[in-house]
2 protein chains.
Amino acid sequence: MEPSKPDLVPNPAVRRLSLYLRHLEVMQQKARTTISSKQLGVALGYTDAQVRKDLAYFGQFGHPGIGYRVDDLIGRIRRILATDRTWNVILIGGGNLGRALLSHPGFGPKGFRIVAVFDTDVSKIGSPAHGLVIRPMASAPLYLRENPVKLAILAVPAEVAQHVADDLVAAGIRGILNFAPVALSVPSDIAVNSVDLTVQLEQLSFLVNSTESTRKA
Amino acid sequence: MEPSKPDLVPNPAVRRLSLYLRHLEVMQQKARTTISSKQLGVALGYTDAQVRKDLAYFGQFGHPGIGYRVDDLIGRIRRILATDRTWNVILIGGGNLGRALLSHPGFGPKGFRIVAVFDTDVSKIGSPAHGLVIRPMASAPLYLRENPVKLAILAVPAEVAQHVADDLVAAGIRGILNFAPVALSVPSDIAVNSVDLTVQLEQLSFLVNSTESTRKA
DNA sequence: GGATGTGAATGCATTCACAGCA
DNA sequence: TGCTGTGAATGCATTCACATCC
């Protein structure tokens, strides 16, 4: 049995784990060997208690009086996030965004490898894209039967996103990173993470507008 | 004085407002005239009480027995999010991601217009990019003095992101959408929204891995 | 009947504060 | 002394439940 699968982990804690890992990797690059919860917190804008509690959900990784050993903590968090292995990922959508994601340099070092690209738009089929060739969406189920992949990135227009998601789930995909501006409906055991770029900008416009108004007061 | 600037709005509520708006715009397209908090909630995966409370933070927009008038609510939320006007945006970074964002069709209809592109990489300067020409980052302060713009999208490597952010803030930028995998440090009256693509995938790998393990049990 | 708006109650997440260890 | 790990306390966000209105 795997060690330490805690009963109840706050969802935000998992998100922060990724950020801790990101900063730890920078510290490792700089040959730092240990780091305290205080230092990690300051670097990312959290309290030291927050950092300790987040980590404590998964085990006892620290050393009183010393802090956390950087190498060790990196390994621990990677195991928790399950990125201590390589995840093959398929990309749906060979448009501008899709191709930008294909050539995104950050995925590889973090353990994610895009192994195939599909598109519903027949005019794109066969085009080369960063070392891969865009395949017809209809061929995805067969591909997934021969090459089991659990993660998919969805970079297609909103109108077809739900339909594509249904097909992916039926073909065995278990997690979807969705860039289409629509709320996908999927079975509860399928993970979905949505990134809507305009929503991000709207949040900023709200915040900037608020501070502007407050300023005059 | 502007009406209804509530004292305390939960941050998550503002995020959901964007999602409500997105769905309302689809409903408007379908010529729906009214919608209830229940229907809106079901479409997005929230409870009806959640929807009503979120909206009630900003005023009384609904009609008992009827629901919310779609056109009206769209206008209200746009005013709240301050997207009832056009926001000019500058883009920093003419790489793959930057150029994909430039050609992103969703921004315009939502009121965001990218008006200039800058890059620190001299080899990119002068290249055409979706109707614009990439300018040297050093020219950004002058540009911003002549064309006041409040929002910036940051699509540069992590190593230069903080430096660029500092320059942008000094030049008057008030909100930053950051795609670099690093926590930006900015004055408290500057809004920052960070999107780290690998963090998104890590969340999925965690979730998928969890459900896989649980399944066998 | 059908829906909103909202105080009260609940449930989560964060922070405090301190015992315990190096 | 310096720092972790953790129960207890606080603070926020969500949900309940109901008075109110069309």
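Below, each value reflects all heavy atoms present in this structure, side chains not excepted, and no hydrogens, waters or symmetry copies.
Straight-line distance from the NZ atom of B:Lys53 to the C1' atom of C:dG7: 7 Å, rounded to whole Å. Rounded to an integer number of Å, the gap from B:Leu55 CG to C:dT6 P is 12 Å. Taking atom CG of A:Asp48 as the reference point, atom P of D:dG2 lies 14 Å away to the nearest angstrom. Remark: C1' of D:dC12 and CD of A:Gln50 are 13 Å apart, rounded to the nearest angstrom. We find that OH of A:Tyr68 is positioned 14 Å from C1' of C:dC21, with the value rounded to whole Å. One interatomic measurement links the two molecules: CZ of B:Arg52 to C1' of D:dC18, which rounds to 11 Å at whole-angstrom precision. Rounded to whole angstrom, the span from the NE2 atom of A:His63 across to the P atom of D:dT4 amounts to 10 Å. With rounding to whole Å, B:Arg69 atom CZ is found 14 Å from C:dT4 atom P.
If you check distances only, the side chain of A:Lys38 never reaches the base of D:dG2 with a donor-acceptor pair under 3.5 Å.
Between A:Pro10 and B:Ile66, the residue whose closest nucleotide on DNA chain C is further toward the 5' end is B:Ile66. The residue among A:Tyr46 and A:Pro64 whose nearest nucleotide of DNA chain C is located toward the 5' end is A:Tyr46.
Side-chain contact between A:Lys110 and B:Leu201 is absent, with no heavy-atom pair separated by less than 4.5 Å.
Between the side chains of B:Ser37 and B:Asp48, no donor N or O sits under 3.5 Å from an acceptor N or O.
With hydrogens and angles disregarded, a donor-acceptor distance shorter than 3.5 Å links the side chain of A:Asn193 to the backbone of B:Gln200. Checking side-chain atoms of A:Gln203 against main-chain N and O of B:Val14 turns up a donor-acceptor pair under 3.5 Å.
Among the nucleotides C:dT14, D:dT14, D:dC16, the one closest to any side-chain atom of A:Arg16 is C:dT14. Between C:dT6, D:dT6, C:dT4, one nucleotide has an atom nearer to the side chain of B:Gln60 than all others, and that is C:dT6. If you check D:dT6, D:dG2, C:dT6 against the side chain of A:Ala56, the one that comes closest is D:dT6. With D:dT15, C:dC21, D:dT14 as the candidates, the nucleotide lying closest to the side chain of B:Pro12 is D:dT14.
The line from CD1 of A:Ile90 to CG of A:Leu144 is 4.5 Å long, rounded to the nearest 0.5 Å.
A close approach under 4.0 Å does not occur between any side-chain nitrogen or oxygen of A:Thr47 and OP1 or OP2 of C:dT14.
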